[in-house]
Amino acid sequence: MIDLHCHLLPAIDDGPADLGGALTLAQAQVDAGIRTVAVTPHVSPAVPTDAAVIERGVEELRVALRAAAIPLEITTGAEIDVRSAAEMDDDGLLRLALGGGPWLLLEAPLTPGLLLEPILSTLLVRGHSVLLAHPERSPVLQRDPTAVRRLVAQGVLMQLTTGGLGGQFGRDVQRFAEQLVDDGLVHNVASDAHNTHRRPPGLREPLERAGLGEHVAAWCQDAPAALLAGELPPAIPPARRRRSDRRGLRSLLGR
Ligand SMILES: [Fe+2]
């Protein structure tokens with residue numbers, strides 16, 4: 001499997017504090033069945049990470065992974081704040097794209113009030129390819145769920161996070177994530193892992209818990225492989241959570 005959203009580089013954002021923490025997280029990714037990770041440190045007004053720092057960090061972490069015999073491939077990327085993206089020139093944005101291809105991972109804003117759609121539309125007009133991280137957690141989209149459909153119609157792809165689907169960010173976020181799944185508006189699922197305890201890695205296991213195990217290959221292998229290759233993901237059939245799993249999950253949770 002391929003994880004296109006992971007704060008794996010050490011001492012750069014709110015991911016691992018040091019190399020030891022990064023190697024522990026990398027080993028946990030391997031243990032969860034992940035073969036390739038795009039490292040996606042924050043690039044935002046608060047954490048204005050430079051592309052050169054990310055490129056150097058990936059090279060150094062590759063050496064450390066080899067030395068520690070951890071069989072994880074890593075590639076460059078970033079989780080770009082939409083305000084930062086709007087201010088960057090095209091070359092600067094492309095240096096932050098996933099795997100050196102055209103796809104930009106943009107962070108769906110976690111605060112209300114931002115004019116998300118005009119900013120993304122402008123980036124699309126400029127010729128960029130946009131994968132939007134955790135739309136389920138964004139108040140902007142929660143208040144206007146039809147915006148997700150409009151963005152997808154324009155070519156924006158949606159990346160859910162396993163934590164959102166699993167209820168880590170509350171029932172409202174979980175319900176919105178399930179709605180996006182049921183509406184066929186999910187193109188990729190990623191971990192957004194920051195560490196091994198509070199924001200851990202894992203794709204197959206949390207998707208199976210959510211009754212979505214049959215979509216692991218499409219969301220976590222085929223789609224991310226295509227995006228890293230600079231292509232569109234293969235058409236993904238509308239996902240349906242299995243009724244028995246939904247009932248089972250709800251009864252487990254006492255709902
Ligand atoms: Fe993230």
Side-chain angles (χ1 to χ4, degrees), residues 1-17 21-22 24-26 28-29 32 34 36-51 53-54 57-58 61 72 74-85 88 93 95-99 103-111 114 116 119-120 130-142 148 156-170 173-174 176-177 180 186-203 206-207 219-220 223-224 227-228:
M1 288 177 285
I2 300 171
D3 192 351
L4 290 184
H5 190 160
C6 179
H7 298 260
L8 183 59
L9 287 186
I12 198 168
D13 60 2
D14 52 350
T24 300
L25 177 51
Q29 288 276 27
I34 312 299
T36 301
V37 165
V39 303
T40 53
H42 288 288
V43 174
S44 68
V47 191
T49 313
D50 189 79
V53 172
I54 297 172
V58 166
L61 186 55
L72 184 70
I74 60 170
T75 189
T76 52
E79 180 179 16
I80 313 169
D81 179 281
V82 290
R83 293 159 300 179
S84 300
M88 296 176 71
L93 281 169
R95 273 187 81 182
L96 297 172
L98 295 168
W103 287 92
L104 304 174
L105 180 67
L106 294 193
E107 180 176 26
L110 299 177
T111 52
L114 199 73
L116 178 63
I119 293 176
L120 295 189
V130 174
L131 175 64
L132 191 64
H134 50 65
E136 75 277 12
R137 292 177 56 199
S138 178
V140 176
L141 298 174
Q142 289 161 357
V148 175
V156 175
L157 302 189
M158 297 292 156
Q159 178 192 77
L160 285 197
T161 54
T162 49
L165 268 172
Q168 186 180 1
F169 302 100
V173 170
Q174 186 179 30
F176 190 30
L180 295 176
V186 176
H187 305 92
N188 170 231
V189 175
S191 74
D192 196 5
H194 286 61
N195 48 54
T196 53
H197 45 285
R198 203 172 53 83
R199 303 282 299 274
L203 295 173
L207 282 172
W219 283 338
C220 306
L227 297 183
L228 287 180

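Here the structure is a predicted model, which is why all the values come from computation and not from measurement. Read the numbers this way: they start at 1 and go in the same order the structure lists the ligands and their atoms.
- Restricting Asp192 to its N, O or S atoms, the one at the least distance from the Fe ion (ligand 1) is OD1.
- Using the six-membered ring where Trp is involved, His194 and His7 have ring planes that are parallel, under 30° apart on the 30 and 60° scheme.
- Within the 2.8 Å limit, Cys6 places no N, O or S atom next to the Fe ion (ligand 1).
- Taking 2.8 Å as the threshold, His5 counts as a candidate ligand of the Fe ion (ligand 1), since one of its N, O or S atoms lies below it.
- Proximity of Leu4 to Trp103: side-chain heavy atoms (C-beta onward) are nowhere separated by under 4.5 Å.
- Side-chain contact between Pro16 and Thr24: absent, with no pair of heavy atoms (C-beta onward) separated by less than 4.5 Å.
- Within Glu79, the N, O or S atom lying nearest to the Fe ion (ligand 1) carries the name OE1.
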Inset, instruction - Apply side chain to side chain contact (heavy atoms under 4.5 Å, CB included) to the pair His134 and Leu110, showing each step before the final yes or no. - result: CA-CA 9 Å; His134 50 65; Leu110 299 177; 3.7 Å; yes

